[in-house]
Amino acid sequence: MYKVAVIVGSTRPTSSNLKLAKALEKLAAGKLEFNYIDIASLPFYDDALWNDPPAEVIRLKREILDTDAVLIVTPEYNRSIPGILKNALDWPSRPYGESVWSGKPAAIAGATGGVSGTAAAQSHLRSILPMIGLTLMGTPEIYFQSRPGAFDDDGNVADDRIRTNLGIWVDRFVEWIAKTGTPRRALEEVERASSAA
Ligand code: FNR
């Protein structure tokens with residue numbers, strides 16, 4: 001089963017994007033293991049901090065290394081991605097040449113109350129993610145409108161047709177990981193190699 005680093009671009013406990021990620025996790029049961037990444041504790045990016053890297057940054061890079069793929073589920077803020085998400089994307093891309101995103105299969109999704117379904121934010125992600133080395137799945141896409149009643153009491157997407165389509169999306173993401181990913185190296189092996197360098 002593939003292990004996926006899941007980054008939600010909203011830290012609100014009642015986030016509709018967190019709900020969407022959890023609904024995708026249910027649909028992916030037995031196929032993907034979701035590992036939710038804490039991005040709220042990261043400091044703002046500062047190149048000088050690499051002299052003595054913050055523990056949260058080291059932890060984040062280790063967590064990314066230890067996964068087969070990346071899933072970003074994000075709201076749209078003022079026609080782009082939230083700053084907290086950009087910060088979380090920037091840290092693991094550095095120091096130069098040591099991006100832990102490199103070669104990882106990735107997919108994106110987003111939820112909003114509006115009809116645009118985070119299309120503008122996702123369009124920005126489509127510029128950013130290849131730049132940091134992620135191998136982004138082009139289609140299918142998820143533009144989720146989070147209206148009242150969008151999720152049932154068990155956290156499933158309530159609409160049958162949309163839930164079916166999200167299930168198809170999950171299967172395509174699994175295929176994308178199988179096709180484009182490289183087998184994850186054991187974390188210990190990666191750390192031995194980097195400490196020997
Ligand atoms: C928003 N929201 C928003 N929605 C949208 O569709 N397009 C946008 O450009 C924006 N801009 C925006 C800016 C800021 C600063 C905030 C706080 C909100 C609304 C936003 O998508 C909505 O609040 C979502 O529900 C937030 O996601 P979570 O927290 O529910 O996951």
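The first residue of the sequence shown is numbered 1, and numbering continues consecutively from there. Whatever order the structure lists them in is the order used to number ligands and atoms, beginning at 1. The shown structure was predicted, so the numbers you read here are calculated from the model rather than taken from an experiment.
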Leu89/Ile72 under side-chain contact (heavy atoms from CB on, under 4.5 Å): CA gap, chis, key distance, verdict: CA-CA 10 Å; Leu89 294 172; Ile72 297 170; 3.8 Å; yes
Every residue of the protein that comes under 4.0 Å of ligand 1, judged on heavy atoms: Ser10, Arg12, Ser15, Ser16, Asn17, Pro75, Glu76, Tyr77, Asn78, Arg79, Thr112, Ser116
Side-chain donor-acceptor contact under 3.5 Å, Asp38 with Tyr36: no
Sequence neighbours left out, cut at 3.5 Å: what donor-acceptor pairs do the side chains of residues 138-150 make with other protein atoms?
unit_1, atom_1, unit_2, atom_2, d
Glu141, OE2, Tyr143, OH, 2.7
Gln145, NE2, Gly113, O, 3.2

Pairs where residues 96-131 contributes a residue and the test ring pair (Phe, Tyr, Trp, His ring centres under 6.0 Å) is met, not counting sequence neighbours: none
Stepwise side-chain contact (heavy atoms from CB on, under 4.5 Å) test for Thr74 and Ile108: CA-CA 8 Å; Thr74 187; Ile108 58 180; over 6 Å; no
Show me, pair by pair, the donor-acceptor contacts under 3.5 angstrom made by side chains of residues 5-13, not counting sequence neighbours?
unit_1, atom_1, unit_2, atom_2, d
Ser10, OG, Arg12, N, 3.3
Arg12, NH1, Thr14, OG1, 3.3

